[in-house]
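Everything on this sheet refers to the single structure shown next.
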Number of protein chains: 2
Amino acid sequence: MNYSKQREIIYQALADNVVHPSAEYIYDVLKQANSNISLATVYRNLNKMAHNGKIKKIQGLEDKAHFDHNTFEHYHFICKKCGRIFDIPCDIAPEIIKKTQESTGFKIESHDIVFSGICRECSENER
Amino acid sequence: MNYSKQREIIYQALADNVVHPSAEYIYDVLKQANSNISLATVYRNLNKMAHNGKIKKIQGLEDKAHFDHNTFEHYHFICKKCGRIFDIPCDIAPEIIKKTQESTGFKIESHDIVFSGICRECSENER
DNA sequence: ATTAAATATGATAACAATTATCAGTTTATA
DNA sequence: TATAAACTGATAATTGTTATCATATTTAAT
């Protein structure tokens, strides 16, 4: 894999961003920053980086994929009301994985946990 | 929700099936069984049944959704080689949920865990 | 049984997210 | 600096899924 300027700015846009953006969102951000990047390039590089573990791809309840530059082990919560995605720190999973691997004989290389429900803010706004 | 013949045969096709089929797969099965069912009807009813808890929708690693008539709590493993989806029984999750709910204040309504890697069979075939 | 309202259907058009294509450009390497 | 490999922008194509709509089926009330 060669160096590429576009991959660099895509990663930066992802890392600078508080939320967990979609490919389209990153594309819009970069467009507004006067880059003449192509949407295909955004998809290509996000997938490439997700593939080799530089970033994480979040594919869960929704129709489109989201990305996360945080690669330390954590999970996600999607709010059904506002659609926001929150990080969920978690340390119980290693047990599950070990247990599962032993009982099934499967080689587990990755795993994802996606919770969904109503976030606190939306829950409070409800009444 | 009214009774419907089509929903009945869709559920049967799902329940009779060993694998975790996609909507398209169920459609093909029913087509070959001489039903003149429509693909839209398959999608409509799978989603409806998933919505009211009669079946489970698996949305995870792949590009398309899969369905499962097993509604007891369990998770899934997707083999990166053969693409098959396996059930993973699991009883640790309730702890995670309680913990997460307490620490975040989020109301968790559902969750999904998708493991991926290489299944035993593919692992053995590798050498 | 007959009717009327609600719900479901098949066929297909529309849609949104993503990927493939391809000619031209950039990067790494010899 | 020449060459091959990798990357890019523009956009066409693909894929999974949903919307539309005229017709048919189901349900409940007469």
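Side chains are part of it too, since the values below use all heavy atoms of this structure and drop only hydrogens, waters and symmetry mates. Lettering follows sequence order; numbering is per chain, from 1.
Checked by atom type, the side-chain pair B/Lys56/B/Asn70 shows no donor-acceptor distance below 3.5 Å. In this model, a donor atom of one side chain and an acceptor atom of the other lie less than 3.5 Å apart for B/His76 and B/Asp68. Between the side chains of A/Asn17 and A/His69, not a single donor N or O lies within less than 3.5 Å of an accepting N or O. For the residue pair A/Tyr25/A/His20, the side-chain donor-acceptor check at 3.5 Å is not satisfied. Using a 3.5 Å distance cut-off with no hydrogens or angles, the side chains of A/Ser123 and A/Arg120 do not pair a donor with an acceptor.
The phosphate of D/dT25 (OP1 or OP2) has no side-chain N or O of B/Ser4 nearer than 4.0 angstrom. At D/dA10, none of the side-chain N or O atoms of A/Ser38 fall inside 4.0 Å of OP1 or OP2 (strictly under the cut-off).
Atom-to-atom, OH of B/Tyr3 to P of D/dT27 comes out at 8 Å; the value is rounded to the nearest Å. The CG-P distance, from B/Leu39 to D/dT15, rounds to 14 Å in whole Å. One can place CG of A/Leu30 at 12 Å from P of D/dT8, the figure rounded to the nearest angstrom. If you take CG of B/Leu46 and C1' of D/dG16, they are 13 Å apart, rounded to a whole angstrom. Note: CD (B/Glu24) to P (D/dT17) measures 9 Å, nearest angstrom. Taking atom CE of residue B/Met1 and atom P of nucleotide D/dA28, one finds them 13 Å apart after rounding to whole Å.
Closest approach to the A/Lys48 side chain among D/dA19, D/dT8, D/dC7 is made by D/dC7 (side chain taken as heavy atoms from C-beta onward). Closest to the side chain of B/Asn47, out of D/dT27, D/dT18, D/dC7, is D/dT18. Residue B/Tyr43 has its side chain nearest to D/dG16 when only D/dA6, D/dT8, D/dG16 are considered.
Chain B approaches DNA chain C over the interval C/dT7 to C/dT12, counting the first and last nucleotide 5' to 3' with an atom under 4.0 Å from its heavy atoms.
Aromatic ring centroids of B/Phe115 and A/Phe106 lie 6.0 Å or more apart.
Looking at heavy-atom distances under 4.0 Å, B/Arg44 makes contact with a base.
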